[in-house]
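Down below is the structure, laid out as structure tokens.
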Amino acid sequence: MRLYDTLTRTDRELRPLDGATFRFYCCGPTVYGPAHIGNFRTFVLQDVLRRVLETGGTRCLHVRNITDVDDKTIRDAQKAGQSLTGFTAGWTAKFHEDCEKLGLLEPHIEPGAVEHIPQQIAMIETLVAKGHAYSSDDGSVYFRISSFPDYGKLSHLDQRELELGKTQSARASADEYEKDSVSDFVLWKARRPEDGDNFWQSPWGEGRPGWHLECSAMIREYLGENFDLHSGGVDLVFPHHENEIAQSVCTCGGHFAAHWFHITHLLVDGGKMSKSLGNLYTLTDLEQRGFTPMELRYVLLGGHYRKPLNFTLDSLHAAREALAKIARGARALAEKTGGEVTLDAVGFGPFQAAWDSLNDDLNTPAALGGLFTGLRKAAGLSGKDAAAALAAMNRVLRALGIVLPDDANAGVKIPDDIHDLAETRWQARLAKNWVQSDQLREQLAAQGWQVKDGKDGYELTPAR
RNA sequence: GGCGGAGUAGCCAAGUGGUAAGGCAAUGGUUUGCAAAACCGUCAUUCGCGGGUUCGAUUCCCGCCUCCGCCUCCA
């Protein structure tokens, strides 16, 4: 497949460096609260990337970290009166729960930052020894940006802009650590009173690792100095990924990631999500509003990953209808197979366009369009042809990670009184007592249940 | 100020130098006791604005307007 690369700003073919396994790293969540739907746009797209590669026959090694030590985790753990480990374990569990609901494949390796502190310290020692890092009087260690000429290559910043950033950043002046240049970033943070019990021993005294270094150390541990692809949200391009490159290349040599995959942020109601605007949604928020995780996944796939995607609650409703339509199409196609089953589909038949879209810079919205078009094309097929088309469609769905909803009624529990009411109405209807029948139907509607009459019976569905 | 992205029907959203995928909503029909659901059909002479190149531009170039993101620990 072809995918846009942030570094070279071109579409490039993805092929494993070692010819066998495509090894990639995704910056995972900082576990200090529930992930929001914007976070999940990134994780869902990374999941689709892997699924498309695997569906296309490329084996993957997927590494995604858990950031379980930083300012926010420490601050909020203490606020909650919990140990850092206990606090982050809770939010990590919540994250995994959400991931499973959204149909995300588990990464093959999911390292945590805290358990890799020795590796981080080792990297800092190397960087200091090579002259790329220096310690300050308070026991912090900084990376010297001026020692790495390629700094800024990924985000296309030149030195002038880095200097400019110095005067424009309020945070730079507010920094309480001592560094040679404002652009230098911290590798090791000296212990501070507000850190509480959360500090580790190092050659520079007590303290804790800097955020950027975590990823570099874990990548070095599991993927080495050269690997296929690195991914995250666009906001990580600078400074996080830029800093990772600097640390890793200066420590290990090598070229670090061969390809950079960045996902654009999700907008909500046309703007940035924020708590103050009341438009920051978590998966749980949406579930409480009656929407399913799969509906969210569908919405997130509805826009190209390099373009802003505008999320609205109404889009979830559209997703529900669309998923139901696909499910009906799949059922209709299944009925036409006449019992024929295709185990190993060759090619994608009517769904070739959908598959091609996925392989063309992960164009998920076009692929979704191709699903509907394919379904229409497949409508006239039967027997073996229908079976092949169905198998092809399922491959595309699997690549997208979409699990179709079952019958609307599956799993819905109908209360006894509602059931009785519906029975009474059905009898009235059979007796052609339209007045009573209609009245009971309204009564059911008032209690949130919709009746759909069929020839031999009726169907009850909860009104959404 | 710098870097990057976007403006396509009521909404969401693909796409292309050759005359606009798809979904939702809306709407007509079939069906239904009436509905709902389902099924079939309709739904942008037009792609932010103004120029230019071209036989032809929404797609390329120039200018402008508007919106959004990032600019040192935010996916």
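Each chain gets a letter, A, B and so on, in the order the sequences are listed, and its residues count up from 1.
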For the pair made of CD1 in A:Ile402 and C1' in B:G22, what is the distance, rounded to whole Å?
->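 To the nearest whole Å, that distance equals 13 Å.
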Using whole Å, report how far CG of A:Leu296 lies from P of B:C12.
->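 Going from A:Leu296 (CG) to B:C12 (P), I get 17 Å.
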May I ask you to say what [X] touches in the nucleic acid, namely base, sugar-phosphate or nothing, with a heavy-atom cut-off under 4.0 Å?
X	answer
A:Arg429	base
A:His265	base
A:Ser315	nothing
A:Asn363	sugar-phosphate
A:Gly210	nothing
A:Pro365	base
A:Lys432	nothing
A:His36	base
A:Val237	nothing

How far, in whole Å, is [M] from [N] if one measures between their [atom1] atoms?
N	M	atom1	answer
B:U30	B:A35	P	11 Å
B:G7	B:U59	C1'	15 Å
B:C68	B:U53	C1'	31 Å
B:A13	B:U8	C1'	9 Å
B:A20	B:C61	C1'	23 Å
B:G69	B:U54	P	40 Å

Taking a pair to mean Watson-Crick or G-U wobble geometry with both distances below 3.5 Å, B:C60 pairs with B:G52
Return no unless some side-chain N or O of A:Lys325 is found under 4.0 Å from OP1 or OP2 of B:C24.
-> yes
Taking the side chain as every heavy atom from C-beta outward, state whether A:Trp260 and A:Ser231 have any atom pair closer than 4.5 Å.
->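 No. Closest side-chain heavy atoms not under 4.5 Å.
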Looking only at N and O atoms, is any donor in the side chain of A:Arg441 or the base of B:C34 less than 3.5 Å from an acceptor on the other one?
-> yes
Counting only distance, no hydrogens or angles, is the base of B:G33 paired donor-acceptor with the side chain of A:Asp438 under 3.5 Å?
-> yes
Lys/Arg cation over aromatic [Y]: [X], 6.0 Å, 45° cone:
X	Y	result
A:Arg395	A:Phe351	no
A:Arg64	A:Phe43	yes
A:Arg191	A:Phe199	yes

